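These numbers were taken from a predicted model, which means no experiment stands behind them.
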Amino acid sequence: MNPIRRVNPRRPYTLSDAGVRRIELGADTENGGRDPRRAVAPKPLRATEALRCVLAVAHSDRGELDAHARQAVAAAALLAAHDTWVHLLVFGEFNGDAGALGVDRLTVIAASPAYAPDTELAALLVVMNRDRPLHVFLPDNGLPDGDLGRRLAAATRETVASHVVEINRDGVACLYRPVNHDPTTLSRQPAGPRRARRPLPRIVLLAPDAVDDRLPFVGHGECTRGAALPMASAYRDQGTRTLAAQEVDLEEADLIVSAGNGVRDLDGFHALADELGAAVGASRVAVDDGRFARAQQIGATGKTVSASAYLAFGISGAVQHLQGIKDCRHVIAINLDAAAPLVRRADLSIIDDTQRVAQALLAQVKQARAVHRNREAADG
């Protein structure tokens with residue numbers, strides 16, 4: 001029979017603005033303000049000696065690494081032995097905690113503002129020649145990391161594995177699509193995806209979600225600043241062209257407004273998207289209802305997005321939809337149901353009618369743009 005634990009009524013508490021007393025769970029005045037049974041032990045250091053190293057390479061986005069890049073770093077940390085230190089090379093700014101990622105040594109190199117993969121490859125080769133890493137890990141995301149990894153393999157003639165979906169110290173499993181040859185028709189029919197296993201190569205291009213980035217240890221987290229990249233490059237930057245929001249793929253959009261079953265005023269919704277310059281997404285219910293195209297569906301059965309801001313109008317938030325927006329930085333939910341799953345997931349929730357909020361937001365955006373145009377006209 002478990003003994004009854006009596007709660008100390010004099011535990012530390014704080015008062016909210018509304019005067020509500022909030023007791024800190026796990027706090028106890030008799031134990032120095034914290035119940036020792038609830039204390040979380042600090043994670044141990046993984047590397048004890050620095051005899052050799054493995055290298056992880058990634059590009060940062062606004063000073064942070066995305067989930068795919070963190071998984072590549074975690075793969076390097078998990079496969080490294082206790083006498084092997086993990087070196088992370090970041091192109092761009094980095095404001096995160098390198099030790100929490102399992103990194104022992106961090107080198108940050110300012111990224112080139114223009115497309116210059118040859119200069120980044122030159123900087124990577126300098127690090128490779130200096131540290132002689134056993135293995136190099138990069139996220140296989142196309143541009144820029146996957147492209148840099150393939151350029152590194154071509155320049156060094158080292159073994160490389162791409163689309164790696166499984167990895168351990170013995171080897172990797174890569175996903176590929178074989179081609180079936182029919183000798184009677186000379187046709188090439190693509191078959192379903194298959195896995196090929198091979199020994200662990202020196203250069204590993206990791207597929208998304210192949211590794212859990214939650215680590216049971218930490219690294220030393222020592223940080224050094226690398227030299228800036230040279231400006232001279234063999235590539236010529238042709239500049240950028242501004243695309244309309246409707247032309248941007250949802251996977252590449254930085255701002256998305258998404259509609260669910262609660263959106264009925266489609267004209268007003270699209271007018272808001274145009275005024276914000278945002279891409280348009282939708283839930284599966286809205287797509288099945290015929291109000292949006294299948295290519296605009298977001299979720300596990302649609303597209304997975306990683307926008308900086310995701311505005312969800314009238315979307316309750318099924319598990320499949322939440323999976324599709326797991327990489328979005330800021331989620332704003334507009335819904336009448338305060339208990340909707342998406343409201344609990346959102347960073348900011350507005351409990352109100354979606355049409356009324358969309359109209360008010362559209363008016364505010366138009367007013368702000370008008371003030372900005374008038375100010376520019378007065379200054380010019």
Least distance between heavy atoms, Phe137 atom then Ala72 atom:
CB-O, 3.8 Å
Pairs flagged by side-chain hydrogen bond (donor to acceptor under 3.5 Å, both in side chains) wherever residues 313-329 is involved - sequence neighbours left out
Tyr310-His321
Pairing residues for Arg345 by the side chain to side chain donor-acceptor pair (under 3.5 Å) criterion, not counting sequence neighbours
none
Tell me which donor-acceptor pairs under 3.5 Å the side chains of residues 210-217 have, and how far apart each pair is, sequence neighbours excluded?
residue : atom : partner : partner atom : Å
Asp212  : OD1  : Arg214  : N            : 3.1
Asp212  : OD1  : Arg214  : NE           : 3.2
Asp212  : OD2  : Arg214  : NE           : 3.2
Asp212  : OD2  : Arg214  : NH2          : 2.8
Asp213  : OD2  : Arg70   : NE           : 3.3

Roughly how far, to the nearest 0.5 Å, is the CG atom of Leu89 from the OG1 atom of Thr107?
6.0 Å
Between CG of Leu200 and NE2 of His135, what distance do you get to the nearest 0.5 Å?
4.0 Å
When every non-hydrogen atom of Val248 is compared with those of Glu252, the smallest separation belongs to CG1-C, 4.1 Å
Please output the side-chain donor-acceptor pairs of residues 52-63 that fall under 3.5 Å, not counting sequence neighbours, one pair per line with the distance.
residue : atom : partner : partner atom : Å
Arg52   : NE   : Thr84   : OG1          : 3.2
His59   : ND1  : Asp145  : OD1          : 2.6
His59   : NE2  : Glu120  : OE1          : 2.8
His59   : NE2  : Glu120  : OE2          : 3.2
Ser60   : OG   : Glu93   : N            : 3.3
Ser60   : OG   : Glu93   : O            : 2.5
Arg62   : NH2  : Ser308  : OG           : 2.8

For Val331 and Cys328 the tightest heavy-atom approach is CG2-CB, 4.0 Å
Could you work out, with side chain to side chain contact (heavy atoms under 4.5 Å, CB included) as the rule, every residue matching Asn335, not counting sequence neighbours?
Asp337, Ala340, Val343
For Gly102 versus Ala77, what's the shortest heavy-atom pair and its separation?
O-CB, 3.9 Å
If a pair satisfies side-chain hydrogen bond (donor to acceptor under 3.5 Å, both in side chains) and one of its residues is in residues 289-306, list it, with sequence neighbours excluded.
Asn261-Arg291, Asp288-Arg294, Asp289-Arg291, Arg294-Gln297, Gln297-Thr301
Under the side chain to side chain contact (heavy atoms under 4.5 Å, CB included) test against Ser162, which residue among Ile203, Asp140, Leu138 passes?
Asp140
Within the side chain of Asp249, is there an N or O that forms a donor-acceptor pair under 3.5 Å with the backbone of Glu251?
no
What's the separation between atom CG in Leu276 and atom CG in Leu361, rounded to the nearest 0.5 Å?
5.5 Å
Working to the nearest 0.5 angstrom, can you tell me the gap between Asn129 CG and Leu124 CG?
9.5 Å
Does one hydrophobic cluster hold both Leu266 and Ile334, with members joined at side-chain heavy-atom distances below 4.5 Å?
yes
Qualifying residues under side chain to side chain donor-acceptor pair (under 3.5 Å), relative to Asp352, sequence neighbours excluded:
Arg356
Heavy-atom pair with the smallest gap, counting every atom of Ala253 and Ala279:
CB-CB, 3.6 Å
Within one Ile-Leu-Val-Met-Phe-Trp-Tyr cluster: Val172 and Leu206, side-chain cutoff 4.5 Å:
yes
Evaluate Val204 against Leu79 for side-chain contact (heavy atoms from CB on, under 4.5 Å), listing each step before the verdict.
CA-CA 12 Å; Val204 178; Leu79 267 64; over 6 Å; no
I'd like to know if the side chain of Thr119 and the backbone of Ala116 have a donor-acceptor N/O pair within less than 3.5 Å.
yes
Residues pairing under salt bridge (charged side-chain N to carboxylate O under 4.0 Å, His left out) where one sits in residues 363-374, two or more places apart or in two chains, turn out to be Glu275-Arg369
His330: what forms a ring-ring contact (aromatic ring centres under 6.0 Å, His included) with it, not counting sequence neighbours?
none
Under 3.5 Å donor-acceptor, Asp104 side chain and Val86 backbone
yes
Pro133 versus His87: any side-chain heavy-atom pair under 4.5 Å?
no
Side chain to side chain contact (heavy atoms under 4.5 Å, CB included) with Leu272: which of Leu362, Asp267, Asp265?
Leu362
Could you list who else is in Val126's hydrophobic cluster, with ILVMFWY side chains joined at under 4.5 Å, directly or through other members?
none
Roughly how far, to the nearest 0.5 Å, is the CG atom of Leu65 from the CG atom of Leu101?
6.5 Å
Residue pairs passing the side-chain hydrogen bond (donor to acceptor under 3.5 Å, both in side chains) test with at least one member in residues 195-211, sequence neighbours excluded, are Gln71-Asp209, Glu158-Arg202, Glu166-Arg195, Glu166-Arg197
Quick check on the hydrophobic clustering: are Leu125 and Val136 connected, directly or via other members, by side-chain heavy-atom contacts under 4.5 Å?
yes
Evaluate the side-chain contact (heavy atoms from CB on, under 4.5 Å) criterion for residues Thr354 and Phe269: first the C-alpha distance (whole Å), next the side-chain angles of each, then the deciding distance (0.1 Å), finally the verdict.
CA-CA 9 Å; Thr354 57; Phe269 176 79; over 6 Å; no
Measure the shortest side-chain to side-chain distance between Leu342 and Ile325 over non-hydrogen atoms and say whether it is less than 4.5 angstrom.
yes
Return the minimal non-hydrogen interatomic distance between Ser258 and Ser283, and the atom names on each side.
OG-N, 4.3 Å
With clusters defined by side-chain heavy atoms of hydrophobic residues (ILVMFWY) lying less than 4.5 Å apart, directly or transitively, does Val357 cluster with Ile315?
no
Are Leu148 and Leu152 in one and the same hydrophobic cluster, where Ile, Leu, Val, Met, Phe, Trp and Tyr link if side-chain heavy atoms are under 4.5 Å apart?
yes
Under a single-linkage rule joining Ile, Leu, Val, Met, Phe, Trp and Tyr whose side-chain heavy atoms are separated by less than 4.5 Å, which residues share a cluster with Leu51?
none
